[in-house]
Amino acid sequence: MDFIIVNGQIIRKQEAGFNTLFWDEPFVITQKLWFGYGGIPLFHDNVETMKITLNTLKINIPDLLSNEHELFRLTKRMLNKNRFYRSGIITLQVFAGQSETSTVLTSFAFPGFDFPVSDQGIILNFSEFEKFSGNPLNRFLFFNEPNWKFAEARIQDTSFNNSIFINEKGTVCDCISSDIFMIKGKSLFTPSVETGCYTDTLRDHLMKVASNANLKVVESEEVKREDVLQMNEIFLASEELGLQWVLGVENKRFVHQYSVKLHQLLNEYLKKLAQ
């Protein structure tokens with residue numbers, strides 16, 4: 001193949017300027033890692049999640065991922081060369097092509113030091129897209145991304161900032177790019193893996209922080225749409241988007257109390273892990 005079409009023009013393949021990864025028609029698997037406090041607190045968790053994803057898809061694990069110490073050293077060096085000394089996001093991607101598998105890491109910086117938190121509350125709706133709880137790929141980011149794109153498209157030009165996904169049993173699962181946490185009284189509820197929820201690497205750590213804050217943590221497969229509207233407080237969480245306090249779900253409004261304290265405790269927790 002010598003000629004291709006790009007944006008309506010026939011040009012030579014070598015003139016396109018595409019990286020060789022493009023021509024190998026790769027399947028791309030992505031992990032998002034937050035860095036801050038001079039370290040990458042959940043680096044190991046994310047590398048392990050990537051390995052599990054690759055094993056599930058029967059994709060050979062690149063040598064660099066098998067040498068976590070070297071990968072960490074290179075990642076820190078990349079951040080230093082970019083002069084990213086505060087906090088931000090690292091994007092770890094594996095390009096599984098027809099002839100080879102490649103590992104690419106990129107990064108961008110945030111202006112502050114702390115784990116990100118939304119200054120203003122967001123408003124959610126219930127997505128019309130229904131998840132199937134029995135799919136074993138629900139936990140992985142790559143599998144959820146098309147659903148998230150669909151949900152984002154549906155709420156464009158509306159007052160909603162994110163959407164709650166429900167499974168075929170009518171049970172709450174997760175939100176776009178985030179896990180959902182709901183507080184009622186002294187209990188923190190989050191969907192269990194049996195619901196088919198996405199499981200961000202931050203999820204288990206946040207539940208640990210909440211438990212240390214004397215909240216009773218309940219992983220439930222029984223939280224229905226109507227139960228969400230009876231909660232006192234709701235927030236979303238992921239490494240990529242940080243903590244997002246939920247001002248409202250459709251016409252219901254919520255308080256902003258525990259999530260402030262949990263954000264403070266989470267920062268202290270991540271700071272210790274980064275050291």
Side-chain angles (χ1 to χ4, degrees), residues 42 45 115-118 121-136 138-141 144 147-148 151 160-267 269-270:
L42 305 185
D45 301 63
F115 187 75
V117 62
S118 58
I122 62 174
I123 300 178
L124 314 181
N125 72 341
F126 291 97
S127 174
E128 61 195 85
F129 187 89
E130 187 177 88
K131 297 188 72 172
F132 175 59
S133 61
N135 195 314
N138 279 322
R139 60 176 292 194
F140 298 115
L141 186 149
N144 287 279
N147 300 342
W148 294 340
F160 302 117
N161 310 108
N162 206 315
S163 297
I164 300 173
F165 287 92
I166 305 290
N167 64 22
E168 83 283 1
K169 300 175 184 178
T171 301
V172 172
C173 298
D174 45 40
C175 292
I176 300 171
S177 301
S178 299
D179 292 310
I180 183 170
F181 297 87
M182 300 158 282
I183 298 174
K184 188 170 185 179
K186 294 289 186 178
S187 296
L188 181 141
F189 297 88
T190 193
S192 66
V193 293
E194 288 76 17
T195 64
C197 68
Y198 163 65
T199 56
D200 190 86
T201 49
L202 186 68
R203 179 176 179 270
D204 288 345
H205 296 279
L206 186 51
M207 288 192 291
K208 181 178 180 179
V209 169
S211 180
N212 291 339
N214 297 319
L215 283 170
K216 179 183 178 182
V217 177
V218 181
E219 296 181 74
S220 175
E221 55 180 316
E222 300 179 354
V223 178
K224 306 287 186 178
R225 179 191 299 246
E226 55 270 23
D227 297 322
V228 172
L229 303 180
Q230 299 303 314
M231 297 293 173
N232 303 127
E233 186 171 359
I234 298 176
F235 63 92
L236 313 184
S238 68
E239 276 198 82
E240 179 181 9
L241 301 180
L243 263 62
Q244 297 178 290
W245 168 59
V246 175
L247 170 63
V249 176
E250 296 183 339
N251 294 323
K252 176 65 187 293
R253 296 295 179 261
F254 300 93
V255 300
H256 187 198
Q257 181 181 356
Y258 277 105
S259 53
V260 176
K261 179 63 175 177
L262 288 175
H263 177 248
Q264 176 186 343
L265 294 174
L266 181 62
N267 270 292
Y269 176 84
L270 293 174

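The first residue in the sequence is number 1, and the count goes up from there.
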Under 3.5 Å, is there a donor-acceptor pair between the E222 and T171 side chains? no
Could you walk me through whether R203 and V193 pass side-chain contact (heavy atoms from CB on, under 4.5 Å), step by step? CA-CA 11 Å; R203 179 176 179 270; V193 293; 4.3 Å; yes
Would you say the side-chain atoms of N232 pair up with the backbone N or O of G185, donor to acceptor, closer than 3.5 Å? yes
K131 versus Y198, side-chain donor and acceptor atoms under 3.5 Å: no
Hey, does the side chain of N147 reach the backbone of F129 with a donor-acceptor pair shorter than 3.5 angstrom? no
Rounded to the nearest 0.5 Å, what separation is found between the CG atom of N214 and the CG atom of L188? 13.0 Å
Under 3.5 Å: donor-acceptor pair, side chain of S238, backbone of S177: yes
Taking C-beta and beyond as the side chain, do C173 and T195 meet within less than 4.5 Å on heavy atoms? yes
Would you name the heavy atoms of D174 and G196 that are closest together and state the gap between them? OD2-O, 4.1 Å
Less than 6.0 Å separating the ring centroids of W245 and F254? no
Backbone N/O of G121 and side chain of S118: donor-acceptor pair under 3.5 Å: no
Heavy-atom closest pair (N144 atom, R139 atom, distance to 0.1 Å) is ND2-C, 4.4 Å
With Q244 via side-chain hydrogen bond (donor to acceptor under 3.5 Å, both in side chains) - residues at least two apart: none
P191: which of E221, M182, E219 passes side-chain contact (heavy atoms from CB on, under 4.5 Å): M182
Once rounded to the nearest 0.5 Å, what's the spacing between atom CD1 of I164 and atom CZ of F126? 4.5 Å
Does NZ belonging to K252 count more than 12 external heavy atoms closer than 6.0 Å? yes
Are the side chains of V228 and I234 in touch, meaning some heavy atoms are under 4.5 Å apart? yes
Scan for salt bridge (Lys or Arg N to Asp or Glu O under 4.0 Å) pairs involving residues 223-250, sequence neighbours excluded, and state none if there are none. none
Could you go step by step and tell me if L236 and I122 meet the side-chain contact (heavy atoms from CB on, under 4.5 Å) rule? CA-CA 10 Å; L236 313 184; I122 62 174; 3.8 Å; yes
With distance as the sole test, does N267 use its side chain to make a donor-acceptor pair with the main-chain N or O of F115 at under 3.5 Å? yes
Nearest heavy-atom neighbours spanning L215 and S187: CD2-N, 4.2 Å
F181 side chain near V217 side chain, heavy-atom distance below 4.5 Å: no
Output the distance between atom CG (L206) and atom CG (D200), rounded to the nearest 0.5 Å. 10.0 Å
Rounded to the nearest 0.5 angstrom, the CZ-NZ distance for F189 and K216 is 7.5 Å
Keeping the roles fixed (side chain from N138, backbone from N135), state whether a donor-acceptor pair exists under 3.5 Å. yes
First locate atom CG of L241, then atom SG of C175, and finally report the distance between them rounded to the nearest 0.5 Å. 10.5 Å
All heavy atoms of F165 vs all of A151, minimum pair found to be CZ-CB, 3.6 Å
Derivation of the side-chain contact (heavy atoms from CB on, under 4.5 Å) call for V249 and I123: CA-CA 6 Å; V249 176; I123 300 178; over 6 Å; no
Please examine the side chains of K169 and S133, heavy atoms only from C-beta on, and report whether any two atoms are closer than 4.5 Å. yes
What is the distance from atom CD1 of I180 to atom CZ of F235, rounded to the nearest 0.5 Å? 10.0 Å
Go through the steps for V223 and T190 under the test side-chain contact (heavy atoms from CB on, under 4.5 Å), then give the verdict. CA-CA 8 Å; V223 178; T190 193; over 6 Å; no
In chain order, what residues pass the side-chain hydrogen bond (donor to acceptor under 3.5 Å, both in side chains) check against S163, with sequence neighbours excluded? N125
